[in-house]
There are 2 protein chains.
Amino acid sequence: MKISDAALKVGLPVKTIRYYSDIGLVTPTGRSAAGYRDYDHSALKKLVFIRRAREFGFSIDECRDLLDLYEDQNRSSADVKHLASLRLRDIEQKQKELQLLHDELSHLVQSCKGDGRPDCPILSNFAQV
Amino acid sequence: MKISDAALKVGLPVKTIRYYSDIGLVTPTGRSAAGYRDYDHSALKKLVFIRRAREFGFSIDECRDLLDLYEDQNRSSADVKHLASLRLRDIEQKQKELQLLHDELSHLVQSCKGDGRPDCPILSNFAQV
DNA sequence: TATAGTCCTTCCAGTAACTGGAAGGTCAAG
DNA sequence: CTTGACCTTCCAGTTACTGGAAGGACTATA
């Protein structure tokens, strides 16, 4: 599969996938005779995983660790489990924070009259500090 | 409140708060005689809101829009409502994606034996493409 | 009152992770 | 056999910080 089709399927810009290829995060499965990058199913899965992880603030290096751990058969699965457990905690914390952000904005939308009057109480709905 | 105390309260690095001050995103309430930045309760609220929004991929400009809309009394609350509604959609989508990421990693943790054997099936638990 | 330590300031340079654009090769359709 | 939409590499620019230097300010203790 060529890079633009891969980009469509996984929801990342072509430029970004090319960048990931450059830095060795997800290398293409192969190259066509003309030098075009080729991506297979497992590469697509990795890209989707990375897209999600990146969207939620995990660094490239953290993503790399998870992928590398899998691909390096010398590492033990205990390492993977430990790393994944740590990230799971992070994600659960993020879920709570995201819910708070949702609540704030949702309350804002509900309390705005939306009739053109500039009395929208956005600040009064801000998070408790 | 001085910048380091503010940083502690809102969960942002001092450097970042100073940066937000420099770019005019959240300006300090005032300055002490010595020129120290001073932050009050409402500034802290703005900082917490921005921290959350930034963590979930909203750009500085998107944050600025929400804050500016509030502070610009010439804007109508309908504008705020519309903008906040759009962001709310984004957040709901993010909640779904975050749940998927959580499921992936959680399944990974559960299926890893954690006994040192390198047979952890991380890739087989990747998202469906 | 001196001095040590921990703040604070500005400024400037560096980093992470893209992102845009130029210059040029490839390929299917008409 | 050319047009247009792909693809390639390379290099420069952007966003949002982040680290460090140089120096001023405040607090506690000797």
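Residue numbering restarts at 1 for every chain, and letters A, B, ... go by the order of the sequence lines. Note that the structure is predicted; figures quoted are calculated from it, not measured.
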Legend entry - Non-neighbouring partners of B/Gln95 that pass side chain to side chain contact (heavy atoms under 4.5 Å, CB included), sequence neighbours left out: A/Leu98, A/Gln99, A/His102, B/Ile91, B/Glu92
Inset, instruction - Decide whether a cation-pi geometry holds between B/Lys46 and B/Tyr20; the criteria are a distance under 6.0 Å from NZ or CZ to the six-membered ring centre and an angle within 45° of the ring axis. - result: no
Legend entry - N/O (side chain, A/Thr16) to phosphate O (OP1/OP2, C/dT19) under 4.0 Å: yes
Legend entry - With sequence neighbours excluded, residues passing side chain to side chain contact (heavy atoms under 4.5 Å, CB included) with A/Asp22: A/Arg37
Inset, instruction - Taking only the side-chain nitrogens and oxygens of A/Tyr20, find out if one of them lies under 4.0 Å from OP1 or OP2 of C/dC18. - result: yes
Inset, instruction - Can you pull out how bent the helix from C/dT1-D/dA30 to C/dG30-D/dC1 is, comparing the axes over its first five and last five pairs, to 10°? - result: 10°
Inset, instruction - Please identify each residue that fulfils salt bridge (charged side-chain N to carboxylate O under 4.0 Å, His left out) with A/Glu62, with sequence neighbours left out. - result: A/Arg87
Inset, instruction - Could you tell me which residues satisfy salt bridge (charged side-chain N to carboxylate O under 4.0 Å, His left out) with B/Asp38, sequence neighbours excluded, listed by chain and number? - result: none
Legend entry - Nearest-angstrom distance from the residue atom CD1 of B/Ile60 to P of D/dT18: 11 Å
N/O to N/O distances under 3.5 Å, protein versus nucleotides 6-9 of chain D:
from: D/dC7; atom 1: OP1; to: A/Ser4; atom 2: N; distance (Å): 2.9
from: D/dC7; atom 1: OP1; to: A/Ser4; atom 2: OG; distance (Å): 2.7
from: D/dT8; atom 1: OP1; to: A/Arg37; atom 2: N; distance (Å): 2.8
from: D/dT8; atom 1: OP1; to: A/Arg37; atom 2: NH1; distance (Å): 2.8
from: D/dT8; atom 1: OP2; to: A/Arg18; atom 2: NE; distance (Å): 3.0
from: D/dT8; atom 1: OP2; to: A/Arg18; atom 2: NH2; distance (Å): 2.7
from: D/dT8; atom 1: OP2; to: A/Arg37; atom 2: NH1; distance (Å): 3.4
from: D/dT8; atom 1: O5'; to: A/Arg37; atom 2: NH1; distance (Å): 3.4
from: D/dT9; atom 1: OP1; to: A/Arg31; atom 2: NH1; distance (Å): 3.4
from: D/dT9; atom 1: OP1; to: A/Arg31; atom 2: NH2; distance (Å): 3.4
from: D/dT9; atom 1: OP2; to: A/Arg37; atom 2: NH1; distance (Å): 3.1
from: D/dT9; atom 1: OP2; to: A/Arg37; atom 2: NH2; distance (Å): 2.6

Legend entry - B/Arg64 with B/Asp61: basic N within carboxylate O range, under 4.0 Å: yes
Legend entry - Presence of B/Ser32 side-chain N/O under 4.0 Å of C/dC8 phosphate oxygens OP1/OP2: no
